[in-house]
Amino acid sequence: MYSAKEAAEITGLSTATLRYYEKEKLLPQIARNSLKYRQYTEEDIEWIRMIQCMRMANIPIQPIREYVSLLLQGSETLEQRYFMVQDHMHNMEQQMANLQNALTLTRKKLSFYEKLLQEPSGKGISYREEWKLFNHGEV
């Protein structure tokens with residue numbers, strides 16, 4: 001069993017975040033000791049790691065809550081959970097494609113600025129001239 005502080009250290013989250021996850025029903029009921037302090041089990045830690053993974057995938061709280069609720073209901077919700085995870089995977093693939101496009105454009109812009117900084121005339125151009133040069137692949 002782990003105290004809230006220990007669970008926070010293990011997971012890298014704050015105790016406030018752990019309380020928030022519990023309040024939002026993202027975690028199953030956390031046991032308490034005789035003094036009513038939270039006592040986290042290894043299973044609770046793994047559960048928290050699952051929630052962290054979902055949050056890192058930019059899944060909002062409400063769908064996580066829905067997923068957790070379905071998970072706690074057991075095998076009769078297996079198909080619903082399958083489709084939820086499938087949808088989340090599709091969303092993550094879209095996010096990755098969008099980020100890849102943004103990264104490509106950012107690299108292009110950085111390269112453009114590197115070349116522009118090397119040109120003596122590059123420092124005196126207006127934003128419109130810069131925009132035109134960038135969009136036409138000049139410099």
Side-chain angles (χ1 to χ4, degrees):
M1 294 286 224
Y2 301 101
S3 68
K5 182 179 177 184
E6 291 168 329
E9 288 172 4
I10 291 167
T11 61
L13 299 172
S14 67
T15 55
T17 299
L18 294 176
R19 286 192 305 274
Y20 175 75
Y21 283 179
E22 187 178 359
K23 180 183 126 243
E24 290 297 320
K25 300 187 182 336
L26 304 181
L27 300 172
Q29 188 72 32
I30 302 298
R32 297 192 182 240
N33 66 16
S34 61
L35 298 174
K36 302 206 185 239
Y37 291 116
R38 290 172 179 83
Q39 295 289 287
Y40 293 85
T41 64
E42 284 293 333
E43 186 176 311
D44 295 329
I45 299 297
E46 289 306 312
W47 198 281
I48 293 164
R49 287 187 174 132
M50 176 188 70
I51 303 302
Q52 284 179 293
C53 181
M54 294 172 89
R55 292 297 295 139
M56 283 188 280
N58 291 323
I59 300 173
I61 295 295
Q62 180 57 36
I64 296 174
R65 185 182 305 120
E66 183 181 342
Y67 176 80
V68 167
S69 174
L70 291 169
L71 186 59
L72 291 172
Q73 292 174 48
S75 63
E76 67 265 11
T77 66
L78 186 59
E79 189 173 343
Q80 289 170 275
R81 287 181 278 137
Y82 170 81
F83 288 120
M84 279 186 88
V85 171
Q86 188 178 51
D87 287 344
H88 292 311
M89 188 176 75
H90 175 72
N91 289 339
M92 287 188 325
E93 289 169 343
Q94 287 293 96
Q95 289 175 28
M96 288 172 64
N98 291 340
L99 282 172
Q100 187 59 52
N101 289 338
L103 182 59
T104 298
L105 179 63
T106 303
R107 283 185 175 140
K108 182 178 172 186
K109 192 69 167 183
L110 185 60
S111 176
F112 171 78
Y113 282 138
E114 287 170 350
K115 290 174 186 171
L116 198 58
L117 284 168
Q118 292 173 3
E119 294 288 324
S121 61
K123 295 180 180 149
I125 65 172
S126 71
Y127 76 91
R128 288 188 176 159
E129 291 169 318
E130 178 185 321
W131 190 255
K132 189 175 180 181
L133 288 172
F134 179 75
N135 286 324
H136 291 94
E138 297 176 21
V139 175

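For reference, positions follow the sequence shown, starting with 1.
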Distance, nearest 0.5 Å, that separates [atom1] of [X] from [atom2] of [Y]:
X      : Y      : atom1 : atom2 : result
Leu103 : Asn98  : CG    : CG    : 12.5 Å
Met92  : Asn58  : CE    : CG    : 9.5 Å
Ile30  : Leu18  : CD1   : CG    : 8.0 Å
Gln100 : Glu93  : CD    : CD    : 14.0 Å
Ile64  : Gln52  : CD1   : CD    : 11.0 Å
Lys115 : Leu110 : NZ    : CG    : 11.0 Å

Do [X] and [Y] share a hydrophobic cluster (ILVMFWY, side-chain heavy atoms under 4.5 Å, transitive)?
X      : Y      : result
Leu78  : Met50  : no
Tyr20  : Val68  : yes
Met1   : Leu13  : no
Met89  : Met54  : no
Tyr113 : Phe134 : yes

Write down the atom of [X], the atom of [Y], and the distance for their closest heavy-atom approach.
X     : Y     : value
Pro28 : Leu72 : CB-CD2, 4.4 Å
Gly74 : Thr77 : O-OG1, 2.8 Å
Leu26 : Trp47 : O-NE1, 2.7 Å
Gln39 : Ser3  : NE2-CA, 4.2 Å
Leu27 : Ile51 : CD2-CG1, 4.3 Å
Tyr21 : Arg55 : OH-CG, 3.6 Å

Heavy atoms of other groups near [X] [atom1], more than 12 under 6.0 Å:
X      : atom1 : result
Arg107 : CZ    : no
Lys5   : NZ    : no
Glu79  : CD    : no
Glu76  : CD    : yes

Subject >> Residues clustering with Leu35 (ILVMFWY side chains joined when closer than 4.5 Å, directly or via others) >> reply: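 Besides Leu35, the cluster holds Tyr37.
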Spell out, as yes or no, whether a donor-acceptor pair under 3.5 Å connects the side chain of [X] to the backbone of [Y].
X      : Y      : result
Ser126 : Glu129 : yes
Arg65  : Pro60  : no
Gln80  : Leu70  : no

Original post:
Which is it for Phe112 and Glu130 under the side-chain contact (heavy atoms from CB on, under 4.5 Å) test, yes or no, and what are the steps along the way?
Top reply: CA-CA 10 Å; Phe112 171 78; Glu130 178 185 321; 3.5 Å; yes
Subject >> Ile10 and Tyr40: CA distance, side-chain angles, deciding distance, side-chain contact (heavy atoms from CB on, under 4.5 Å) verdict >> reply: CA-CA 11 Å; Ile10 291 167; Tyr40 293 85; over 6 Å; no
Subject >> Selection residues 37-47 - residue pairs positive for salt bridge (charged side-chain N to carboxylate O under 4.0 Å, His left out), sequence neighbours left out >> reply: Glu22-Arg38, Glu46-Arg49
**OP:** For Leu71 and Arg81, run side-chain contact (heavy atoms from CB on, under 4.5 Å): C-alpha distance rounded to whole Å, both residues' side-chain angles, the deciding distance at 0.1 Å, then the answer.
**Re:** CA-CA 7 Å; Leu71 186 59; Arg81 287 181 278 137; 3.1 Å; yes
**OP:** Take Arg19 and Thr15, measure what side-chain contact (heavy atoms from CB on, under 4.5 Å) needs, and give me the verdict at the end.
**Re:** CA-CA 6 Å; Arg19 286 192 305 274; Thr15 55; 3.5 Å; yes
